[in-house]
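Single-structure report; data block below.
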Amino acid sequence: MRQHKVMLGEKVLYQAAQLSHAERFVAARRVEGIPCHVVPDTTPKPHRAPQINPLTGQPRKRGRVR
């Protein structure tokens with residue numbers, strides 16, 4: 001699981017699996033006057049095995065590019 005971190009200096013305030021959640025947390029802290037920033041997780045996403053359709057035995061077709 002990916003871990004994007006919200007940092008205040010060297011201290012971790014918050015960890016989130018989704019970057020958008022960490023960015024929203026930072027925006028809320030900045031409104032409160034706390035100068036923090038996001039450190040995105042740069043590890044590559046794990047490769048997912050294709051899902052097999054049990055009726056046809058073929059991989060499922062993806063409707064969008066990820």
Side-chain angles (χ1 to χ4, degrees):
M1 183 180 298
R2 299 175 64 90
Q3 290 295 316
H4 306 288
K5 294 177 175 48
V6 174
M7 306 289 289
L8 176 62
E10 294 294 320
K11 183 178 177 184
V12 176
L13 292 180
Y14 181 70
Q15 286 184 344
Q18 293 185 11
L19 183 58
S20 62
H21 293 182
E23 290 170 343
R24 292 179 87 174
F25 184 86
V26 166
R29 299 298 77 80
R30 286 183 181 159
V31 168
E32 295 173 352
I34 301 172
C36 53
H37 64 281
V38 176
V39 178
D41 189 356
T42 57
T43 58
K45 289 185 179 180
H47 177 71
R48 292 179 61 182
Q51 296 178 345
I52 303 298
N53 184 332
L55 296 175
T56 63
Q58 299 295 318
R60 295 188 188 271
K61 294 187 170 81
R62 299 237 168 157
R64 59 183 173 168
V65 178
R66 294 183 187 200

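For this chain, numbers begin at 1 and follow the sequence in order.
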side-chain hydrogen bond (donor to acceptor under 3.5 Å, both in side chains): which pairs involve residues 3-13, sequence neighbours left out?
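Residue pairs with at least one partner in residues 3-13: there are none.
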Enumerate the residue pairs fulfilling side-chain hydrogen bond (donor to acceptor under 3.5 Å, both in side chains) with a member in residues 35-45, sequence neighbours excluded, ordered by first and then second residue.
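Matches after skipping sequence neighbours: Asp41-Thr43.
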Which Ile, Leu, Val, Met, Phe, Trp or Tyr residues join Ile52 in one cluster when any pair of side-chain heavy atoms under 4.5 Å counts as a link?
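Result for Ile52 is none, singleton.
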Sequence-distant partners of Gln18, side-chain contact (heavy atoms from CB on, under 4.5 Å), two or more places apart
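With sequence neighbours excluded, Gln18 shows a side-chain contact (heavy atoms from CB on, under 4.5 Å) to Ser20, His21, given in chain and number order.
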Set of residues satisfying side chain to side chain donor-acceptor pair (under 3.5 Å) with respect to Gln51, sequence neighbours excluded
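Testing Gln51 for side chain to side chain donor-acceptor pair (under 3.5 Å), a comparison that skips the adjacent residues, returns none.
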Under 4.5 Å between side-chain heavy atoms, hopping through other hydrophobics if needed: is there a path connecting [X] to [Y]?
X     : Y     : answer
Val6  : Leu8  : yes
Phe25 : Ile34 : yes
Val26 : Leu19 : yes

Taking salt bridge (Lys or Arg N to Asp or Glu O under 4.0 Å) as the cut-off, I'd like each qualifying pair that reaches into residues 19-38, sequence neighbours left out, listed once.
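Pairs touching residues 19-38 that pass the test: Arg29-Glu32.
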Distance-minimising heavy-atom pair for Ala22 and Ala16
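Looking at all heavy atoms of both residues, the shortest contact is N-CB, 4.0 Å.
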